[in-house]
Student: 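First the structure, then my questions, so here it is.
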2 protein chains.
Amino acid sequence: MRKSVSGVLATLEHVGGFASAQELYQLMHRDGAKIGLTTVYRSLQTLVEGNLVDILRREDGEAIYRLCGENHHHHLVCKSCGKTVEIEGGAIEKWAKTIASENGFRDVGHTAELFGTCANC
Amino acid sequence: MRKSVSGVLATLEHVGGFASAQELYQLMHRDGAKIGLTTVYRSLQTLVEGNLVDILRREDGEAIYRLCGENHHHHLVCKSCGKTVEIEGGAIEKWAKTIASENGFRDVGHTAELFGTCANC
DNA sequence: GTGAAAATGACAATCATTTTCATTTCTGTT
DNA sequence: AACAGAAATGAAAATGATTGTCATTTTCAC
Ligand SMILES: [Zn+2]
Ligand SMILES: [Zn+2]
Ligand SMILES: [Zn+2]
Ligand SMILES: [Zn+2]
């Protein structure tokens with residue numbers, strides 16, 4: 001694996017959760033890495049193509065990345081105050097698998113997010 | 001309701017499924033409507049705030065809109081050839097409601113999409 | 001009719017992402 | 001080592017959706 005790619009991968013491991021390309025770029029620079037923003041984008045693309053990293057979207061459309069195989073969960077987000085609860089998605093995982101096999105699909109991933117108004121709002 | 005807002009709403013009804021702001025703007029112009037792109041965005045924002053319209057994201061991050069309460073379904077998309085299957089999401093609807101009430105959330109909506117490789121690819 | 005307030009739209013600004021392209025680094029060959 | 005060609009890099013420009021600005025128009029209550 002290219003040095004730039006493994007550097008981005010290491011940074012993603014270090015943050016633990018989600019991070020955008022811009023955030024990763026800033027983090028790497030704060031740690032003294034000499035990598036360009038373009039290369040961060042290219043490395044992320046490589047990692048996504050190699051199924052090492054998942055890509056999802058923030059609510060504003062910005063792409064965020066996370067390691068595959070990590071503690072997989074979903075989110076329940078309050079539209080008003082932003083409060084976020086991490087959700088175990090067992091039921092959804094099962095559903096995704098069922099639907100996939102019913103339709104002859106392989107290597108099926110999924111996104112699922114819940115959003116509403118929390119008790120305080 | 002403002003004229004511009006109901007115009008956007010009508011266009012969204014007419015297309016039936018998902019549409020981006022830019023697409024709606026073009027459609028409305030093709031039909032002779034004199035509405036600015038800015039107002040299309042503002043009307044969509046109003047509709048989303050009024051819970052008349054849902055907002056999701058295309059894979060490239062572009063925002064797409066659809067009427068709430070319409071024949072609600074999810075998608076199973078082939079990453080390779082783009083083949084798309086519409087999915088009845090009964091199990092997900094139930095899951096969303098359960099999670100929401102367990103966490104004291106109200107007015108909970110959700111997004112859920114499946115993506116993989118179809119039998120032909 | 002008057003004037004305040006809301007709505008509109010042209011245009012500019014913003015911001016993530018992609019493209020371009022010149023330069024640097026790598027890799028194998030003589 | 002010297003060389004050539006390929007791959008990788010990054011700075012800067014281009015792109016494209018979305019948002020902000022602000023002068024003008026429309027609406028509405030009095
Ligand atoms: Zn809240
Ligand atoms: Zn899941
Ligand atoms: Zn396919
Ligand atoms: Zn659903």
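Every chain is numbered from 1, with letters handed out A, B, ... down the list of sequences. On a predicted model such as this, the values are computed, not experimentally measured, just so you know.
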Student: With a cut-off of 6.0 Å (strictly less than), are more than 12 heavy atoms of other residues, nucleotides or ligands near CD of E93(B)?
Tutor: yes
Student: Contact class for S4(A) vs. all strands (heavy atom < 4.0 Å): base, sugar-phosphate, or nothing?
Tutor: sugar-phosphate
Student: What is the distance, rounded to the nearest whole Å, between atom NZ of K34(B) and atom C1' of dA7(C)?
Tutor: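 After rounding, the gap between these two atoms is 17 Å.
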Student: Is T39(B) close enough to dA7(C) that one of its side-chain N or O atoms is under 4.0 Å from OP1 or OP2 there?
Tutor: no
Student: Q22(A) CD to dT17(C) P: how many Å, rounded?
Tutor: 6 Å
Student: Provide, to the nearest angstrom, the distance between the OH atom belonging to Y41(A) and the C1' atom belonging to dT17(C).
Tutor: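 It works out to 5 Å between those atoms.
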Student: Taking the nucleotide of DNA chain D with the nearest heavy atom to each, does Y25(A) or E62(B) sit closer to the 5' end?
Tutor: Y25(A)
Student: Quick one: K3(A) NZ to dT27(C) P, roughly how many Å, whole number?
Tutor: 12 Å
Student: Look at the aromatic rings of H29(A) and Y25(A) and report parallel, tilted or perpendicular, splitting at 30° and 60°.
Tutor: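 The rings of H29(A) and Y25(A) sit tilted, inter-plane angle from 30° to 60°.
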Student: Please answer: with hydrophobic residues joined when any side-chain heavy atoms are less than 4.5 Å apart, are L27(A) and L47(A) in the same cluster?
Tutor: yes
Student: Within this structure, what is the CG-to-C1' distance between L56(B) and dA17(D), rounded to whole angstrom?
Tutor: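 In whole Å, dA17(D) C1' lies 16 Å from L56(B) CG.
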Student: Can you measure R42(B) atom CZ to dC22(D) atom P for me and round it to whole angstrom units?
Tutor: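 Result: 14 Å.
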Student: Could you grab the distance from atom CD1 of I92(A) to atom CG of L114(B), nearest 0.5 Å is fine?
Tutor: 8.5 Å
Student: For Q45(A) and dT19(C), what is the distance between atoms CD and P respectively, to the nearest whole Å?
Tutor: 8 Å
Student: Would you say the side chain of T38(A) and the base of dA11(D) hold a donor-acceptor pair, judged only by whether the two atoms sit under 3.5 Å apart?
Tutor: yes
Student: Could you give the CD1-to-P distance, from I35(B) to dT25(D), as a whole number of Å?
Tutor: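 Between P of dT25(D) and CD1 of I35(B): 18 Å.
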